[in-house]
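Below is one structure, written out as structure tokens; comments come after it.
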Protein chains: 2
Amino acid sequence: MDMDKPLSELTRNRLLHAGGEVFAERGFRTATVREICRRAKVNIASVNYHFSSKEELYASVLEYAYQQASSAFPNDPGATGEDTPERRLHNFIRNFLSRLLYEGRPAWYGMLMAREIVEPTGALDRIIERAIRPLHESLAGIVRDIVGEQTSGAKITRCVLSILGQCLFYRHARPVIARLHPSIHYEDKDIERTAAHIAEFTLAALRHLSKQGRKR
Amino acid sequence: MDMDKPLSELTRNRLLHAGGEVFAERGFRTATVREICRRAKVNIASVNYHFSSKEELYASVLEYAYQQASSAFPNDPGATGEDTPERRLHNFIRNFLSRLLYEGRPAWYGMLMAREIVEPTGALDRIIERAIRPLHESLAGIVRDIVGEQTSGAKITRCVLSILGQCLFYRHARPVIARLHPSIHYEDKDIERTAAHIAEFTLAALRHLSKQGRKR
DNA sequence: TTGACATTAAAACGTGTGTTTAATACGATA
DNA sequence: TATCGTATTAAACACACGTTTTAATGTCAA
């Protein structure tokens, strides 16, 4: 989408796109309507005309980003019935990381979700039901397939949180990681490397739990 | 410290304490000087008189909280030479979690640090050198003792990030976890339970890596 | 008691924010 | 072309923020 051609674009769409960028970069609170309008090259009153309020714009951006993300990054791309649970776990992790760390339009939702987790707004409940809970359940299914049915639900929950925590840390602590470990990058093959580590670390833990479960 | 006895307290200390609370709850940007002064029951100009600016107050709060935290939660309490690396890891995790999740004065630093990680301010570099890097190195030492000297530094770094990510997730995603898993609480024995899980999960992964290392 | 300095307080300042208002422009239709 | 509904815009509003200013008050030593 070319921002230099105002005559060919609808104002509303431009606000959605600029809003996606700015909210993803800054989060809801720090993002300003003026910055969004500046990027969209529209008058500041347009936000209230088209969206009523900054909050409604944010809600609409979330909806739009969700639609975009659903097709670009499905939750469980490996669920073809042919992959092993181990492979599905690895795919899940790589997929989730890509959403969080990739910097382009389809990544808005991942970034918006990561921000919402640590800086909750009124939209948190909707994001939980729309994205986080399904994510959690999908991952829980994979974990259960690996550790077996004898492992308690509470234990599986803990494992899911451990996996999500590892992944999200690379998003949330990015400035810190950049300072402590400049060799860790965020291009495609680095995301692959990160996913491989998390998958290996996690699989080892899950196999241990699987054996633990079988001892009872 | 009793906020209802203004005559017995110095204004500066009251601002430090109220600032500690508000910055920990809200983060630097969202915290307001007016809220801090309201809690401290002092006039708003006092911040500029005693601390020059909101930023200087923040920096002083960090310093004060750091002093408090250093005695209450030493980094490696198990380093008496008698504990096994496995036990030291468990102690480290429990200790770190306590800092992050316990809600009382000594926890300010952990909470401030957790916030700074996801919402960096000008104080980030200082916090990295003061707290995060030492934390990282301490943990890296423990990890190395478990996996052995043949494991690469890069791999150890990844493991450290995996451990920190698991712990910090409970802090950063607290509102989400509260909604998805209301049975996960944050009292002392719950922190213990969380630490036990993370330690078990992590030890299993590290033992796997230890064996991997020995195969080469 | 006086004077110097420190501290506190109220009011105001300067700037930024999201929102509102009224005027104008635009596009479609009769 | 005129009319009407919609969209856009500039200016203003109301409020919040961190900071400054100024005057009053408190404290302490001589």
Side-chain angles (χ1 to χ4, degrees), chain A residues 1-62 64 112 115-116 119-123, chain B residues 1 3-62 112 115-116 119-123:
Chain A
M1 192 187 73
D2 197 341
M3 284 284 191
D4 288 333
K5 296 182 180 176
L7 294 180
S8 66
E9 302 288 345
L10 290 175
T11 302
R12 197 177 187 279
N13 274 341
R14 299 166 62 125
L15 283 171
L16 279 176
H17 285 272
E21 283 181 16
V22 178
F23 285 136
E25 287 170 22
R26 304 271 178 84
F28 175 74
R29 248 169 242 111
T30 309
T32 63
V33 172
R34 280 170 171 82
E35 174 63 22
I36 290 165
C37 294
R38 192 188 64 76
R39 290 197 195 185
K41 299 193 179 178
V42 299
N43 183 275
I44 195 169
S46 302
V47 168
N48 302 90
Y49 181 80
H50 288 280
F51 295 101
S52 291
S53 64
K54 181 185 177 184
E55 276 206 15
E56 283 301 314
L57 170 61
Y58 183 59
S60 297
V61 163
L62 284 175
Y64 178 69
L112 291 167
R115 280 201 175 274
E116 191 69 31
E119 298 160 30
T121 70
Chain B
M1 191 189 72
M3 284 282 191
D4 288 332
K5 294 183 179 175
L7 295 180
S8 65
E9 302 288 345
L10 290 175
T11 302
R12 195 175 189 278
N13 274 341
R14 298 164 64 123
L15 283 172
L16 279 177
H17 284 272
E21 282 181 18
V22 179
F23 284 134
E25 287 170 21
R26 304 272 177 84
F28 176 73
R29 248 169 241 110
T30 309
T32 62
V33 172
R34 281 169 171 84
E35 174 63 22
I36 290 165
C37 293
R38 193 188 62 75
R39 292 197 194 185
K41 299 193 180 181
V42 300
N43 183 274
I44 196 169
S46 301
V47 167
N48 302 90
Y49 180 80
H50 289 280
F51 296 101
S52 290
S53 64
K54 181 184 177 183
E55 276 207 14
E56 282 302 314
L57 171 61
Y58 184 60
S60 297
V61 163
L62 284 175
L112 291 167
R115 280 201 175 276
E116 192 69 31
E119 300 161 28
T121 70

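Every chain is numbered from 1, with letters handed out A, B, ... down the list of sequences. All values below come from the heavy atoms of this structure, side chains included, with hydrogens, waters and symmetry mates left out.
Nearest to the side chain of B:T32, among D:dT8, D:dG18, C:dT20, sits D:dG18. Taking every side-chain heavy atom of A:A45 into account, D:dA10 is the closest of C:dT19, D:dT20, D:dA10.
Remark: side-chain polar atoms of A:R115 are paired, donor with acceptor, to backbone N or O of A:E25 under 3.5 angstrom. No donor-acceptor pair under 3.5 Å is formed between the side chain of A:R39 and the backbone N or O of A:A18. B:S46 contributes a side-chain N or O that, together with a main-chain N or O of B:N43, makes up a donor-acceptor pair within less than 3.5 Å. At least one donor-acceptor pair under 3.5 Å links the side chain of B:K54 to the backbone N or O of B:F28.
Contact check, A:T11 against D:dT8: a side-chain N or O comes under 4.0 Å of OP1 or OP2. For B:N43, a side-chain nitrogen or oxygen approaches OP1 or OP2 of C:dA10 to under 4.0 Å. The side chain of B:H50 places no N or O atom within less than 4.0 Å of a non-bridging phosphate oxygen (OP1 or OP2) of C:dA6. Contact annotation: B:Y49 does not reach the phosphate of C:dT8 (side-chain N/O to OP1 or OP2, under 4.0 Å).
Contact record, B:A123 with B:L62: CB-CD1, 3.5 Å, taken as the closest heavy-atom pair.
Evaluation of atom-type donor-acceptor distances gives a pair under 3.5 Å for the side chain of A:R34 against the base of C:dG18.
Straight-line distance from the CZ atom of B:R26 to the C1' atom of D:dA16: 14 Å, rounded to whole Å. If you measure from atom CG of A:N48 to atom P of D:dA12, you get 18 Å, rounded to the nearest angstrom. B:Y58 places its OH atom 14 Å from the P atom of D:dG18, with the value rounded to the nearest Å. For the pair A:R29 CZ and D:dA16 P, the interatomic distance rounds to 17 Å; values are reported in whole Å. The CG-P distance, from A:L15 to C:dG18, rounds to 13 Å in whole Å. B:I36 places its CD1 atom 11 Å from the P atom of D:dC17, with the value rounded to the nearest Å. One can place CD1 of A:I44 at 12 Å from P of D:dT9, the figure rounded to the nearest angstrom.
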